[in-house]
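In what follows, a single structure is set out as structure tokens and then discussed.
So that the names make sense, note that chain A is the first sequence line, chain B the second, and so on, each numbered from 1. Every value quoted in this text rests on a predicted model; they were computed, and no experiment measured them. Below, all heavy atoms of this structure are taken into account, side chains as well, without hydrogens, waters or symmetry copies.
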Number of protein chains: 2
Amino acid sequence: MRKKNSTNAVNEQFLFQVCELNSALAMISGRWKSQIVYSISQGNNRFHLLKKELPHISEQVLGRQLKELEKHAIIIKKEIPGTVPIGIEYILTGKGKDLVPILKTLCDWGKSYAEARKITI
Amino acid sequence: MRKKNSTNAVNEQFLFQVCELNSALAMISGRWKSQIVYSISQGNNRFHLLKKELPHISEQVLGRQLKELEKHAIIIKKEIPGTVPIGIEYILTGKGKDLVPILKTLCDWGKSYAEARKITI
DNA sequence: ACAATAACGAACAAAATTGTGAGTGACTTA
DNA sequence: TAAGTCACTCACAATTTTGTTCGTTATTGT
């Protein structure tokens, strides 16, 4: 759990208040998180589908990351009516949908410089 | 230091190989890092200027984060000729410069949804 | 003479994130 | 009748990240 008055927590809050950039990054920078968002946007919107997409993730970690994405209102959980036991779907919110093209841009940025050995100014 | 074969490290590598997005995020998601990049882009390109901009950072942590940004070829160090003792300037590489507008977009994304209490789909 | 500045490095400690083991409950399929 | 699926939760352990203490070197300001 987070300590309330650790230097770490205080510094985090300071950065959040300097610029929204820092809170934005905090929301998406956990392990697996942006990959989960991307997978959901591609239609892998069920717990078991995400498990298949990310074979190394444990169910416990997957559950935790989904919960955090939900906390930040990037995804919402929706029960699929008429399923027994009740199935759960994950849906991107408006916020989540707006995030996807930004992740795409970041991905392209990563790709353009992945091979580049020579540093340019 | 990083362990080579921890599940954590193996999972990180797996994600890197799934998509460059994950390596991109790993490069910029450390505490202070993107704020440092932004500050340098605004002209705060000296160690002591960054210290002033980020009053809560310790010099040791600043040094460490600068070194990592350098490792990922986002910034480079440059000696300022004619200064005694030799002054150091931090300069964004092409990669670093390309990153700035992406950070700006992320910042805007954060801002648009910062106030939003209501979740939209 | 004494403090302060610029720009760090190494080693260690604190805190945070990530992964693991065990267990849930109502199904469906073999 | 047994094993498997779906969608998780809880507490704890391993790992990683972040912050702290101490020290450096040369030079300028008071």
A:Y90 side chain to A:N44 side chain, donor-acceptor N/O pair below 3.5 angstrom: no
For DNA chain C, determine which residues of residues 27-38 of chain A have any heavy atom closer than 4.0 angstrom to one of its atoms, and list them numerically. A:G30, A:R31, A:W32
Quick check on DNA chain D: between A:N11 and A:Y90, whose nearest nucleotide comes earlier from the 5' end? A:Y90
Whole angstrom is fine here: how far is it from CD1 in B:I86 over to P in D:dT28? 13 Å
B:N22 and B:L15 have their tightest heavy-atom pair at ND2-O, 3.0 Å
All heavy atoms of B:Q35 vs all of A:C19, minimum pair found to be OE1-CB, 3.9 Å
Rounded to the Å, how far apart are B:F14 CZ and C:dG19 P? 12 Å
To the nearest angstrom, how far is B:E70 atom CD from C:dA7 atom C1'? 13 Å
Earlier contact from the 5' end, DNA chain C, for A:S6 and A:P85: A:S6
Between B:K51 and B:E59, is a salt bridge (Lys or Arg N to Asp or Glu O under 4.0 Å) present by the stated rule, with each step listed? CA-CA 7 Å; B:K51 253 177 35 180; B:E59 303 186 353; 2.7 Å; yes
Looking only at the side chain of A:Q65 (C-beta and beyond, no hydrogens), which of the listed nucleotides D:dT18, D:dT16, C:dT18 gets closest? C:dT18
Given atom CZ of B:R64 and atom P of C:dA11, what is their separation to the nearest angstrom? 13 Å
Quick check: are there more than 12 heavy atoms from other residues, nucleotides or ligands sitting under 6.0 Å from CD of B:E79? no
Using every non-hydrogen atom in the two residues, find where B:S34 and A:L25 come nearest and quote the distance to one decimal. OG-CD1, 3.0 Å
Near DNA chain C, which residues from residues 45-62 of chain A have a heavy atom under 4.0 Å away? A:S58, A:Q60, A:V61
Does A:R2 reach a base, just sugar-phosphate, or nothing at all? Heavy atoms under 4.0 Å. sugar-phosphate
Which one, D:dT18, D:dC8, D:dG19, comes nearest to the side chain of A:K77? D:dC8
Can you check the A:K71 NZ to D:dT9 P distance for me, whole Å? 13 Å
